[in-house]
Amino acid sequence: MTKKQLDESVDYLKKRGFDVPEFGIVLGTGLGQLVDKIEDSIVAHYNHIPYFPLATVEFHSGKLIYGTIAGKKVVVMQGRFHLYEGYDFLDITYPVRVMHQLGIKKLFISNAAGAINLDFKRGDIMLIEDHINLQGGSPLAFKNVSKFGERFVDMSEPYDLEMRQKVEAIAKKEGVSLQKGVYASVVGPQLETKAEYRMLKTLGADAVGMSTVPEVIVANHLKLPVVAVSVLTDECDPDNLEPIDIEEIIAIASQTEPKMIQLFQGLIEAT
Ligand code: HPA
């Protein structure tokens, strides 16, 4: 990744009308209905944006959408890049750097995740308060990182406190029950074994998924305030573990998404 590449990606998007987005939004697996709320949208397919990671066949629908939600300009990533698809840490976080250079002031991230904390149920939403990086690498471990910001990024409060408080207030007002906890990121794509779920619980995780943490690290690198929520799609109870497949995860995520949309819309309105 070079500054010149970032400039070219951003120039392409500016020329297409991605003028002044205030918020960036990343939509997780099974979470695409928020796109229907975008007014006056302009679409850029990932495959057409210079230097964007080249999409795999199954990922051809990935797109960046610019438009208005609740009267504010947003840029939405419909579909994200994952390590398990064979991309590296720089690839999967490149879109965050592009959105930042487009001018976003805040970043909202969503994902589908498994519930490690068994007080949480599938279909719940969890506000991420902190994370554990179990992906075995960092999006900041590259040679010229200091050209893009500080190398030794502070991670004492990676998820913006003010925005988290806003999300909690909105959830209360809208009657959306909201869990809070620690998200652990793994590479995947296989789901976890019973022994791994026990380990994750011991480590202090409340939820587990295959994304988000690299993007949050880069947001912190860019000093871009970020908030993230997990849609809990399955209960990871090692003593009563039921087989689960990705279709089920996607189905539960999309059933739960309206609650997430309420929170994000509220946050856009209130910010
Ligand atoms: N593990 C990892 N990722 C997930 C899970 C899970 O149980 N559910 C949804 N994404």
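Values reported hereafter were calculated over all heavy atoms of this structure, with side chains retained and with hydrogens, waters and symmetry mates removed.
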To the nearest 0.5 angstrom, please state how far the CG atom of Asp237 sits from the CZ atom of Arg198.
-> 9.0 Å
Check the surroundings of atom NZ in Lys14: do more than 12 heavy atoms from other residues, nucleotides or ligands lie under 6.0 Å from it?
-> yes
For Gln33 and Ser254, indicate whether the former's side chain and the latter's backbone hold a donor-acceptor pair under 3.5 Å.
-> yes
Given side chains that start at C-beta, do those of Val76 and Tyr66 come closer than 4.5 Å, heavy atoms only?
-> no
Residues Leu31 and Ala253: closest non-hydrogen pair is CD2-O, 3.5 Å
Measuring from Glu162:CD to Gln165:CD, what's the distance to the nearest 0.5 Å?
-> 7.5 Å
Looking at side-chain heavy atoms only, is the closest gap between Lys37 and Ile261 below 4.5 Å?
-> yes
Is the side chain of Asp124 donor-acceptor paired with the backbone N or O of Phe120 at a distance under 3.5 Å, no angle test?
-> no
Measure the shortest side-chain to side-chain distance between Lys105 and Phe23 over non-hydrogen atoms and say whether it is less than 4.5 angstrom.
-> no
Can any side-chain N or O of Gln265 pair as donor or acceptor with the backbone N or O of Ala70 at less than 3.5 Å?
-> no
Would you say the side-chain atoms of Arg151 and His221 include a donor-acceptor pair closer than 3.5 Å?
-> no
Can you see which heavy atom on Ala112 is nearest to which on Ile249, and at what distance?
-> CB-CG2, 4.3 Å
Please report the shortest heavy-atom distance between Ile132 and Ala205, naming the atom on each side.
-> CD1-N, 4.2 Å
Evaluate side chain to side chain donor-acceptor pair (under 3.5 Å) for Ser9 paired with Tyr94, printing each intermediate quantity in order.
-> CA-CA 10 Å; Ser9 301; Tyr94 188 77; 2.6 Å; yes
Look at the side chain of Lys72 and the backbone N and O of Pro21, then say whether any donor-acceptor pair between them is shorter than 3.5 Å.
-> no
Lys172 side chain to Val167 main-chain N or O, any donor-acceptor pair under 3.5 Å?
-> no
Without swapping roles, check the side chain of Asp206 against the backbone of Val182 for a donor-acceptor pair under 3.5 Å.
-> yes
Is a side-chain N or O of Thr256 found less than 3.5 angstrom from the main chain of Thr233, in a donor-acceptor match?
-> no
Between atom CG of Leu34 and atom CD1 of Ile69, what is the distance when rounded to the nearest 0.5 Å?
-> 4.5 Å
Non-hydrogen atoms of Gly30 and Ile250 that approach each other most closely = CA-CG2, 4.0 Å
Got a sec: does the NZ of Lys121 have more than 12 other heavy atoms crowding it under 6.0 Å?
-> yes
Regarding Arg97 and the six-membered ring of Phe148, is the cationic atom NZ or CZ under 6.0 Å from the ring centre and inside 45° of its axis?
-> yes
Rounded to the nearest 0.5 Å, how far apart are OG1 of Thr193 and CE of Met199?
-> 8.0 Å
Side chains of Asp119 and Gln179: is there a donor and an acceptor less than 3.5 Å apart?
-> no
Indicate if Leu90 and Leu107 have the same hydrophobic cluster label, given that clusters are the connected sets of ILVMFWY residues with side-chain heavy-atom separations under 4.5 angstrom.
-> yes
Going from CD1 on Ile38 to CD on Gln78, what distance comes out if it is rounded to the nearest 0.5 angstrom?
-> 8.0 Å
Return the orientation label for the His48 and His45 ring planes: parallel under 30°, perpendicular over 60°, tilted otherwise.
-> perpendicular
Do Leu178 and Leu263 touch side chain to side chain, with heavy atoms closer than 4.5 Å?
-> yes
Do Thr68 and Lys73 have a side chain donor and acceptor closer than 3.5 Å?
-> yes
Salt bridge or not for Arg80 and Glu215, using N-O below 4.0 Å?
-> yes
Does Ile252 offer a backbone N or O that forms a donor-acceptor pair with the side chain of Arg122 under 3.5 Å?
-> no
Apply the test side chain to side chain contact (heavy atoms under 4.5 Å, CB included) to residues Val216 and Thr212: give CA-CA distance (whole Å), side-chain angles for both, the deciding distance (0.1 Å), then the verdict.
-> CA-CA 6 Å; Val216 169; Thr212 302; 3.9 Å; yes
More than 12 heavy atoms of other groups within 6.0 Å of Lys194 NZ | no
Greater than 12 external heavy atoms within 6.0 Å of Glu168's CD | yes
Please check if the side chain of Asp7 supplies one atom and the backbone of Asp11 the other of a donor-acceptor pair under 3.5 Å.
-> no
Note: Ser156 and Asp154 closest approach over all heavy atoms is OG-OD2, 2.8 Å
Please check if atom NZ in Lys201 has more than 12 non-hydrogen atoms from other residues, nucleotides or ligands closer than 6.0 Å.
-> yes
Hey, are Glu157 and Arg164 close enough for a salt bridge, meaning a charged N less than 4.0 Å from a carboxylate O?
-> yes
How long is the span from the CZ atom in Phe108 to the CE atom in Met260, to the nearest 0.5 Å?
-> 11.0 Å
Of the non-hydrogen atoms in Phe18 and Leu64, which two are nearest, and what is the gap between them?
-> CZ-O, 3.6 Å
For Lys180, look at atom NZ and say whether over 12 heavy atoms of other residues, nucleotides or ligands are found less than 6.0 Å away.
-> no
Should Lys106 and Val227 count as side-chain neighbours, where that means a heavy-atom distance under 4.5 Å?
-> no
Can we call the ring centroids of Tyr159 and His131 under 6.0 Å apart?
-> yes
Mark yes or no for whether Gln135, through its side chain, and Val186, through its backbone, hold a donor-acceptor pair below 3.5 Å.
-> yes
Would you check if Val98 and Val75 make a side-chain contact, meaning some heavy-atom pair closer than 4.5 Å?
-> no
Do the ring planes of Phe81 and Phe52 sit parallel (below 30°), tilted (30 to 60°) or perpendicular (above 60°)?
-> perpendicular
List the steps, then state whether side chain to side chain contact (heavy atoms under 4.5 Å, CB included) holds for Val187 with Met210.
-> CA-CA 5 Å; Val187 175; Met210 304 171 193; over 6 Å; no
